[in-house]
**Q** 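Please find one structure pasted underneath; my questions will follow.
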Amino acid sequence: DPFFTLRMYFSPEVTVPRFAIVVSTKVSKKATRRNRIRRIMRERLRTHVTGIRPGDYLIQVQPRIIQMSEVEQQRAFLELLQKARVIPKQ
């Protein structure tokens, strides 16, 4: 995906899904913009957390995400999770 990199780690000790969202200064020099992107991603995860398999997930946001609107960012993020079979297709 040109907007995100998703890494998944599964271990028997992990009983809940845990997420780390990385938005580097390459995406935006402004912390408010980077935090806004993180909040959007976390909200999408929160609404779908019941269907997510337990494990550790690392989501890296790529700089091209800045060119998209918030709605497009949300849509691209959900598509990524669905393609990776993290959440079921709707």
**Q** Mind checking what makes salt bridge (charged side-chain N to carboxylate O under 4.0 Å, His left out) contact with Arg85, not counting sequence neighbours?
**A**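 Arg85 satisfies salt bridge (charged side-chain N to carboxylate O under 4.0 Å, His left out) with no other residue.
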**Q** Below 4.5 Å, heavy atoms only, C-beta onward: do Arg75 and Met68 meet side chain to side chain?
**A**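 No, every pair of side-chain atoms sits at 4.5 Å or beyond.
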**Q** How far does CG of Leu58 sit from CG of Leu6, to the nearest 0.5 angstrom?
**A**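 Output value for this atom pair is 8.0 Å.
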**Q** Is there a donor-acceptor pair under 3.5 Å between the side chain of Arg44 and the backbone N or O of Leu78?
**A**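 Not at all, since once roles are kept as given, no pair shorter than 3.5 Å links the two residues.
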**Q** Nearest 0.5 Å please: distance from the CZ atom of Phe4 over to the CD atom of Glu79.
**A**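 One finds 9.5 Å between CZ of Phe4 and CD of Glu79.
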**Q** How long is the straight-line distance from CD1 of Ile37 back to CD1 of Ile66, given to the nearest 0.5 Å?
**A**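 Result: 4.0 Å between the selected atoms.
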**Q** What are the two closest non-hydrogen atoms of Met8 and Val86, and how far apart are they?
**A**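 Answer, listing the atom of Met8 first, then Val86: SD-CG2, 3.7 Å.
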**Q** As a quick check of understanding, evaluate side chain to side chain contact (heavy atoms under 4.5 Å, CB included) for Glu70 and Arg36, giving each step before the final call.
**A** CA-CA 9 Å; Glu70 287 183 17; Arg36 177 78 180 146; 2.7 Å; yes
**Q** Any chance you could measure Phe3, atom CZ, to Gln62, atom CD, to the nearest 0.5 Å?
**A**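 Here the interatomic distance stands at 10.0 Å.
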**Q** Please find the pair of heavy atoms, one from Lys29 and one from Arg34, that lie closest to each other, and give the distance.
**A**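 So the two residues come closest at O-NH1, 3.1 Å.
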**Q** Step by step, would you call Leu45 with Ile52 a side chain to side chain contact (heavy atoms under 4.5 Å, CB included)?
**A** CA-CA 9 Å; Leu45 289 169; Ile52 298 176; 4.3 Å; yes
**Q** Is atom CZ of Arg33 surrounded by more than 12 heavy atoms (other residues, nucleotides or ligands) closer than 6.0 Å?
**A**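 Open: at most 12 neighbouring heavy atoms sit under 6.0 Å from CZ of Arg33.
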**Q** Parallel, tilted or perpendicular, judged at 30° and 60°: which one describes the rings of Tyr57 and Phe10?
**A**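 Rings of Tyr57 and Phe10: perpendicular, over 60°.
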**Q** Under 4.0 Å between a side-chain nitrogen and a carboxylate oxygen: does that hold for Arg46 and Glu43?
**A**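 A salt bridge links Arg46 with Glu43.
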